[in-house]
Peer 1: 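Take a look at the following structure, please.
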Amino acid sequence: MTNDILNQFKHNQEVKERDLNEKVKVAIIGTGWIAGAHIHQYLQMEDVEVVALADLVPGRAKDFADKYGLTNARCYQSDEELLAAEKDNLDAVSICTYNAQHAPCAIHALDAGVNVMLEKPFTVTLDEAVEIMRAEKRSGKILTIGYQPRMSPNMQMVKKIVDSGELGKIYYMQAGGGRRHGIPTPFGTSFIEKETGGIGASGDIGTYSLDLLMLAVGYPKPLTVSGYTSDYFGKDPEYYENHPEYAKLFGVDDFSAAFVRLEGDIILDFRISWAMHMDTAGDALILGTKGGMRIPSTECWNGDFSGPIKIYKNAGGQPVEYEIPMLPTVDVFYEKLRSFIDAVKEGGKATVPSSEIIYNQAIIDGINRSAALGKEVEIVIPEI
């Protein structure tokens with residue numbers, strides 16, 4: 001491949017100037033382990049002040065404040081209590097609760113007139129996502145969803161290549177990756193219980209792989225889904241070395257697969273796992289009429305991938321392939337939160353808008369409905 005063609009896919013990182021004297025006042029709702037990632041990044045931003053914390057578990061918000069030296073942060077035991085007391089003093093919230101509380105907390109914050117950074121997955125069900133978007137519309141505030149892989153120059157390159165026309169018309173995509181042994185229980189059981197997690201591997205890491213591929217092709221509307229889910233590992237006491245009792249609490253999927261029909265005559269072949277007897281379900285693939293793309297497999301798709309993208313084409317009647325050089329990595333979690341704060345300060349737009357992620361959520365919802373019914377289902381998204 002010539003340097004002229006490779007130059008199409010160079011990446012220039014913009015250096016942004018900011019007024020660090022203009023403080024953005026932030027609250028964190030839910031002070032579990034993912035909140036630690038949020039506060040770690042916020043503490044690096046001179047123009048952010050974390051003023052309040054809330055957690056349903058008595059004392060946990062205070063313990064979090066003490067751990068991170070948030071001496072001026074006021075602590076509450078519910079999001080509603082926090083918002084009632086602080087809404088006039090708040091610019092934004094990070095919602096870091098377990099999945100089943102995403103919808104009520106986001107709706108409460110938006111209706112209180114506060115901008116929202118909502119951790120992924122968007123919600124548990126499609127109907128919940130629709131209700132959040134209606135609150136977003138009522139409020140006129142920013143709602144962005146926590147997909148930090150979008151901040152990776154290498155992840156961005158996937159969309160750039162597709163948009164360039166290098167692959168032609170896209171007709172098939174495969175979502176690979178997945179964990180061999182990675183049911184997320186080191187921090188307790190909130191991920192695996194139905195009442196708190198709501199959905200399992202499909203919503204935890206599958207949502208990242210969906211976003212990578214759906215974004216690359218412009219987030220076409222999903223039409224139908226034939227889905228499958230299983231929980232063989234999660235319900236096996238032998239899986240858990242020190243906590244066999246977790247098997248009785250497991251109420252979500254540890255493996256999901258689906259065949260999704262998208263607008264534009266595109267097929268999405270999806271699979272993801274928290275646990276399986278395989279090192280990977282495969283690389284991610286994007287097939288077009290002029291070329292194909294292979295994106296190296298990862299366990300989570302939650303940050304970056306470890307090797308170069310490969311493009312497969314014909315040249316002079318012969319099959320050829322070339323690699324897109326890896327770009328320097330960035331701290332994607334920092335950039336995710338930084339882009340949110342910048343949007344709040346500047347009256348900008350969400351980096352990861354709900355108008356896209358609603359389709360992501362519709363696919364996950366469709367997979368779980370289809371699996372429960374044992375047949376293909378149509379995806380119908382209510383009017384917002």
Peer 1: Using a strict cut-off of less than 4.0 Å between a Lys/Arg side-chain nitrogen and an Asp/Glu carboxylate oxygen, indicate whether Lys336 and Glu119 qualify as a salt bridge.
Peer 2: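 So Lys336 pairs with Glu119 through a salt bridge.
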Peer 1: Would the Tyr246 and His243 ring centres measure less than 6.0 Å apart?
Peer 2: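 Ring-ring flag for Tyr246/His243: true, centres closer than 6.0 Å.
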Peer 1: Once side-chain contact (heavy atoms from CB on, under 4.5 Å) is applied, do any residues pair with Asp331, and if so which ones, sequence neighbours excluded?
Peer 2: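 Counting only residues at least two positions away or on another chain, Asp331 forms a side-chain contact (heavy atoms from CB on, under 4.5 Å) with Gln41, Phe333, Tyr334.
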Peer 1: Is any NZ, NE, NH1 or NH2 atom of the basic residue among Asp88 and Lys25 found under 4.0 Å from an Asp or Glu carboxylate oxygen of the other?
Peer 2: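 Result for this pair is no, no salt bridge flagged.
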Peer 1: May I have the step-by-step check of side-chain hydrogen bond (donor to acceptor under 3.5 Å, both in side chains) for Gln148 and Tyr208, ending in yes or no?
Peer 2: CA-CA 9 Å; Gln148 66 272 8; Tyr208 284 132; 3.1 Å; yes
Peer 1: Taking everything shown except Lys345 itself, do over 12 heavy atoms lie less than 6.0 Å from its NZ?
Peer 2: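 It does: Lys345 NZ has more than 12 such atoms within range.
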Peer 1: Walk me through whether Ser297 and Asp283 qualify under side-chain hydrogen bond (donor to acceptor under 3.5 Å, both in side chains).
Peer 2: CA-CA 4 Å; Ser297 168; Asp283 294 335; 4.6 Å; no
Peer 1: Should we say atom NZ of Lys169 is surrounded by more than 12 heavy atoms from elsewhere, each under 6.0 Å from it?
Peer 2: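 Check passes, neighbour count above 12.
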Peer 1: Report, one line per pair, each donor and acceptor closer than 3.5 Å where one atom sits in a side chain of residues 186-195; sequence neighbours left out.
Peer 2:
residue, atom, partner, partner atom, Å
Thr189, OG1, Glu193, OE2, 2.5
Lys194, NZ, Gly198, O, 3.1

Peer 1: Quick one: list whatever passes ring-ring contact (aromatic ring centres under 6.0 Å, His included) with Tyr239, sequence neighbours left out.
Peer 2: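 Here the qualifying residues are His181.
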Peer 1: Does Glu356 have any salt bridge (Lys or Arg N to Asp or Glu O under 4.0 Å) partners at least two apart in sequence or in another chain, and if so, which?
Peer 2: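 Per chain and number, Glu356 pairs via salt bridge (Lys or Arg N to Asp or Glu O under 4.0 Å) with Arg150.
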Peer 1: Quick one: side-chain hydrogen bond (donor to acceptor under 3.5 Å, both in side chains) pairs with a partner in residues 364-375, sequence neighbours left out?
Peer 2: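 Passing the test, one end in residues 364-375: Asp365-Arg369.
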Peer 1: Apply side-chain contact (heavy atoms from CB on, under 4.5 Å) to Ala103 and list each qualifying residue two or more places apart in sequence or on a separate chain.
Peer 2: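 side-chain contact (heavy atoms from CB on, under 4.5 Å) list for Ala103, sorted by chain: Thr123, Glu128, Ile132.
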Peer 1: Can you pull out every side-chain hydrogen bond (donor to acceptor under 3.5 Å, both in side chains) where at least one residue sits in residues 100-113? Sequence neighbours excluded, please.
Peer 2: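 For residues 100-113: Asp79-His108, Asp111-Arg138.
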Peer 1: Sequence neighbours excluded, which residues qualify as side-chain contact (heavy atoms from CB on, under 4.5 Å) partners of Thr329?
Peer 2: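 For Thr329 the side-chain contact (heavy atoms from CB on, under 4.5 Å) partners, ignoring immediate neighbours, are Asp304.
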Peer 1: Ignoring hydrogens and angles, tell me if any N or O in the side chain of Lys313 forms a donor-acceptor pair with the backbone of Glu166 under 3.5 Å.
Peer 2: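 Between the backbone of Glu166 and the side chain of Lys313 there is a qualifying donor-acceptor contact (under 3.5 Å).
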Peer 1: Counting only heavy atoms not in Glu245 (residues, nucleotides, ligands), do more than 12 fall under 6.0 Å from its CD?
Peer 2: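 Result for CD/Glu245: enclosed.
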Peer 1: Using every non-hydrogen atom in the two residues, find where Ala85 and Tyr76 come nearest and quote the distance to one decimal.
Peer 2: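 The pair with the smallest heavy-atom distance is CB-OH, 3.5 Å.
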Peer 1: Could you work out, with salt bridge (Lys or Arg N to Asp or Glu O under 4.0 Å) as the rule, every residue matching Glu131, not counting sequence neighbours?
Peer 2: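 Arg134.
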Peer 1: Excluding sequence neighbours, so at least two apart, what forms side-chain hydrogen bond (donor to acceptor under 3.5 Å, both in side chains) with Asp63?
Peer 2: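 Residues passing side-chain hydrogen bond (donor to acceptor under 3.5 Å, both in side chains) with Asp63: none at all.
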Peer 1: Roughly how far, to the nearest 0.5 Å, is CE of Met133 from CZ of Phe122?
Peer 2: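 Rounded to the nearest 0.5 Å, the CZ-CE separation comes to 6.0 Å.
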Peer 1: Taking salt bridge (Lys or Arg N to Asp or Glu O under 4.0 Å) as the definition, give me every residue that meets it alongside Lys235, ordered by chain and number, with sequence neighbours left out.
Peer 2: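 Salt bridge (Lys or Arg N to Asp or Glu O under 4.0 Å) list for Lys235, sorted by chain: Asp231.
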Peer 1: Against Ile324, only a single residue in Ile295, Ile311, Val158 fulfils side chain to side chain contact (heavy atoms under 4.5 Å, CB included); can you say which?
Peer 2: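 Option passing the side chain to side chain contact (heavy atoms under 4.5 Å, CB included) with Ile324: Ile311.
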Peer 1: Would you name the heavy atoms of Ile363 and Val225 that are closest together and state the gap between them?
Peer 2: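 Smallest heavy-atom distance, with atoms named: O-CG2, 4.4 Å.
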Peer 1: For Asp204, check salt bridge (Lys or Arg N to Asp or Glu O under 4.0 Å) against everything at least two apart and list the hits.
Peer 2: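 Asp204 satisfies salt bridge (Lys or Arg N to Asp or Glu O under 4.0 Å) with Lys120 once adjacent residues are dropped.
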Peer 1: Counting distance only, does the side-chain N/O of Tyr240 pair as donor-acceptor with the main-chain N or O of Gly234 below 3.5 Å?
Peer 2: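 Judged by distance alone, yes, a pair lies under 3.5 Å.
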Peer 1: Could you verify whether a donor N or O on one side chain and an acceptor N or O on the other, from Tyr147 and Thr351, lie under 3.5 Å apart?
Peer 2: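 Checked: Tyr147/Thr351 side chains show no N/O donor-acceptor pair below 3.5 Å.
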Peer 1: Any ion pair linking Arg180 and Glu299 (charged N to carboxylate O, less than 4.0 Å)?
Peer 2: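 Judged by the 4.0 Å cut-off on N to carboxylate O distance, Glu299 and Arg180 do not form a salt bridge.
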Peer 1: For Asp253 and Ser256, test the side chains for any donor-to-acceptor distance below 3.5 angstrom and give the result as yes or no.
Peer 2: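 Yes, side-chain donor-acceptor contact under 3.5 Å.
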Peer 1: Apply side-chain hydrogen bond (donor to acceptor under 3.5 Å, both in side chains) to residues Asp254 and Tyr232 and explain how you reach the verdict.
Peer 2: CA-CA 8 Å; Asp254 60 36; Tyr232 295 115; over 6 Å; no
